[in-house]
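Note that ligands are numbered from 1 as they come in the structure, with each ligand's atoms numbered from 1 the same way.
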Amino acid sequence: MAFPKGFLWGGALAANQCEGAYLEDGKGLSQQDVMPQGVRGPVTNQPTPDNLKLIGTDFYHRYREDIALMAEMGFKVFRFSIAWSRIYPRDEVEPNEAGLAFYDRVIDECLKYGIEPLITLSHYEIPLHLCRTYDGFRSREMIGFFLRYAETVLRRYHDRVKYWLTFNEINVTLISPLLGAGVMTPKDQLSAQDRFQTAHHQLVASARVTALAKQLCPAIQIGCMAASAPRYPMTCDPQDMIAMMTSQQELDYFIHVHCTGEYPYYAKRLWWENNVCLEITEEDRQALKHTVDFISFSYYSSKVVAADESRYAMANGNIMRGLKNPYVPVSDYDYPIDPEGLRYILNYLYDHFHKPLFVAENGLGSKEELTPDGNGGFTVKDQARIEFHRGHIQAMARAIDDGVEVFGYTSWGPIDCVSAASAEMTKRYGFVYVDRNQDGSGTLQRWKKQSFDWIAKIYRSNGADLD
Ligand code: BG6
């Protein structure tokens, strides 16, 4: 088993979960600044002090230290997102130069260490003014705002940044329109028509940005990004198989449009069942034809489904939950841990879409405590994280042996950050601990966890030394 030469090992972070500095240097508010408890809590009128994202883990001021730690871990790539609200705080015509200059510094710092920057244009973060005025991507006008923002940053950074993603986990829009698309209307007041139309606007926006990126710089590699929990049927009951198939199609729907330039055949059934009649203009159809170069996805675990789910217990999970799988262990948070699911989804996506794959997120969220490291400092004993990544990297290696084309792996939250679904600091994914507590206290100092040296060994040996 061998990872290809030049395989991109690294980690991924999102602006709203790590940067903080929520009003510094001209940044505007985003929907995240009024979601103190993530998707599980209320939206507030103004930012409130209990919102941990306002300070985050202070990446805005500590990016040099953080990128140096990434270099020490042997990163070849750093996936981060640009905060749209730093570049266009509201609906301006001219961008905010201080915001652009910040990402110049971040990119240059990466390049200094030979780390390839990979930019997500929109990672669960949209200027609040646009969310409030247009109800986010529920309105078609958002396509124009997104294009303006994307063009600005593509023009500014394209000579230094080869890899780009449009929307983080674009399929989450159907599940959480606020998180994924900045829709302020509460989900229970939205029809399926609203949610699918919102997703359509994002798919068109994604395709138009793809076209623009290629026109600006043909060397750019641009990908889509989807939350990819592969579906398993609870039993071999044919009805469970059909439930599995249709659930999987809801995920594939997004990747299919990005890869083939049109909606899949089963979209008609999906729309019909949900009473949806999409408004798709001829211009939209032409725009969608601009397909991506690669597929990126997050993988945390598989998801079990059944025709009659009321007969089974639910598993825990972040935004997408399935049924309890008796064959796999669970994390501190009771989330299923299933490395084989990564081999499966890699094969599945390659088989269906024939595009190079990039594992954009994978990681273990756990509750952790600092303990003395014996040298006057502190550490975290996170053997469970080592086992988690070992299992998943081995599964990815098997998929490569199966013949799947995978060109990179970025672990989620390599330096602890605020969680997305519940906006908490307690759940941590990093190889580096950040001293910030749930009540907001803490020095923000960084401490290497036990997993730090282990992952550095894996990354530096191009995945050869997995012991
Ligand atoms: C992914 C998101 O869904 O999962 C990240 O792209 C998020 O933004 C990650 O942080 C882990 O989820 P959570 O809610 O535990 O932070």
Side-chain angles (χ1 to χ4, degrees), residues 10-19 30-32 35-41 51-53 56-57 59 78-84 118-126 165-182 202 223-230 251 254 295-303 315-322 330-337 342 345 358-368 384-385 388-389 392 409-431 434 436 438:
L13 283 169
N16 78 86
Q17 293 170 254
C18 69
E19 284 180 5
S30 82
Q31 86 267 46
Q32 291 289 349
M35 293 169 61
Q37 291 157 34
V39 286
R40 305 211 176 124
N51 187 341
L52 292 172
K53 288 168 284 185
T57 47
F59 179 83
F78 172 33
R79 171 182 172 230
F80 61 91
S81 67
I82 293 179
W84 179 350
L118 186 162
I119 292 181
T120 314
L121 287 165
S122 180
H123 190 132
Y124 293 164
E125 187 275 343
I126 296 172
L165 304 177
T166 51
F167 291 98
N168 181 62
E169 296 186 334
I170 188 165
N171 51 325
V172 163
T173 285
L174 292 183
I175 305 160
S176 176
L178 170 62
L179 193 68
Q202 284 186 303
C224 58
M225 198 308 193
S228 298
L251 158 67
F254 290 86
I295 300 170
S296 81
F297 65 93
S298 56
Y299 177 77
Y300 290 90
S301 70
S302 49
K303 177 176 158 173
N316 217 344
N318 270 355
I319 301 166
M320 286 179 188
R321 293 176 191 202
V330 292
S331 72
D332 281 1
Y333 277 81
D334 228 15
Y335 295 177
I337 301 178
L342 179 57
I345 193 72
F358 187 97
V359 183
E361 287 182 30
N362 174 236
L364 176 71
S366 50
K367 298 173 184 159
E368 299 178 336
R385 176 160 298 108
F388 182 97
H389 285 284
H392 286 79
Y409 173 88
T410 46
S411 67
W412 175 250
I415 293 175
D416 290 343
C417 61
V418 182
S419 77
S422 44
E424 59 181 299
M425 204 55 231
T426 312
K427 194 201 303 167
R428 296 165 181 273
Y429 290 82
F431 307 115
V434 176
R436 184 152 200 239
Q438 190 58 29

Flag side-chain contact, heavy atom, 4.5 Å: Arg385 against Glu368:
yes

Please write down residue, atom name and distance for the protein heavy atom closest to atom 10 (O) of ligand 1.
Gln17 NE2, 2.9 Å

min-distance protein heavy atom vs atom 16 (O) of ligand 1 -> Ala420 N, 2.7 Å

With a 6.0 Å cut-off on ring centres, are Phe431 and His389 close enough?
yes

With sequence neighbours left out, what residues match Thr173 under side-chain hydrogen bond (donor to acceptor under 3.5 Å, both in side chains)?
Gln202

Which atoms of ligand 1 have any heavy atom of Glu169 under 4.0 Å away?
1 (C), 2 (C), 3 (O), 6 (O)

No-hydrogen, no-angle side-chain donor-acceptor test under 3.5 Å, Tyr409 and Asn362:
yes

Closest to atom 6 (O) of ligand 1 (judged by heavy-atom distance), picking from Glu361, Met225, Met320, Glu125
Glu361

Given Trp84, Trp412, Phe80, Phe167, the one that forms ring-ring contact (aromatic ring centres under 6.0 Å, His included) with His123
Trp412

The one among Tyr429, Tyr335, Tyr300 that brings a heavy atom closest to atom 9 (C) of ligand 1
Tyr300

I need the contact type for Ser419 against ligand 1. Using non-hydrogen atoms and a strict under-4.0 Å cut-off, is it side chain, backbone, both or neither?
both

Measure the distance from atom 14 (O) of ligand 1 to every protein heavy atom, then report the residue, atom name and distance (to 0.1 Å) of the closest one.
Ala421 N, 2.8 Å

Proximity of Val172 to ligand 1 by residue part, where a heavy atom lies under 4.0 Å:
neither

How about Met35 and Leu179: do any of their side-chain heavy atoms sit closer than 4.5 Å?
yes

Shortest non-hydrogen separation from Ile415 to Leu13 and the atoms involved:
O-CD2, 3.6 Å

Can you sort out which atoms of ligand 1 are near His123, meaning under 4.0 Å from one of its heavy atoms?
2 (C), 5 (C), 6 (O), 8 (O)

Under 3.5 Å between any N/O of Lys427 and any N/O of ligand 1: does that happen in this structure?
yes

If you have a sec, work out which protein heavy atom is nearest atom 12 (O) of ligand 1 and how many Å separate them, to one decimal?
Asn318 ND2, 2.6 Å

If you define the side chain from C-beta out and look only at heavy atoms, does anything of Tyr429 sit under 4.5 Å from Cys417?
no

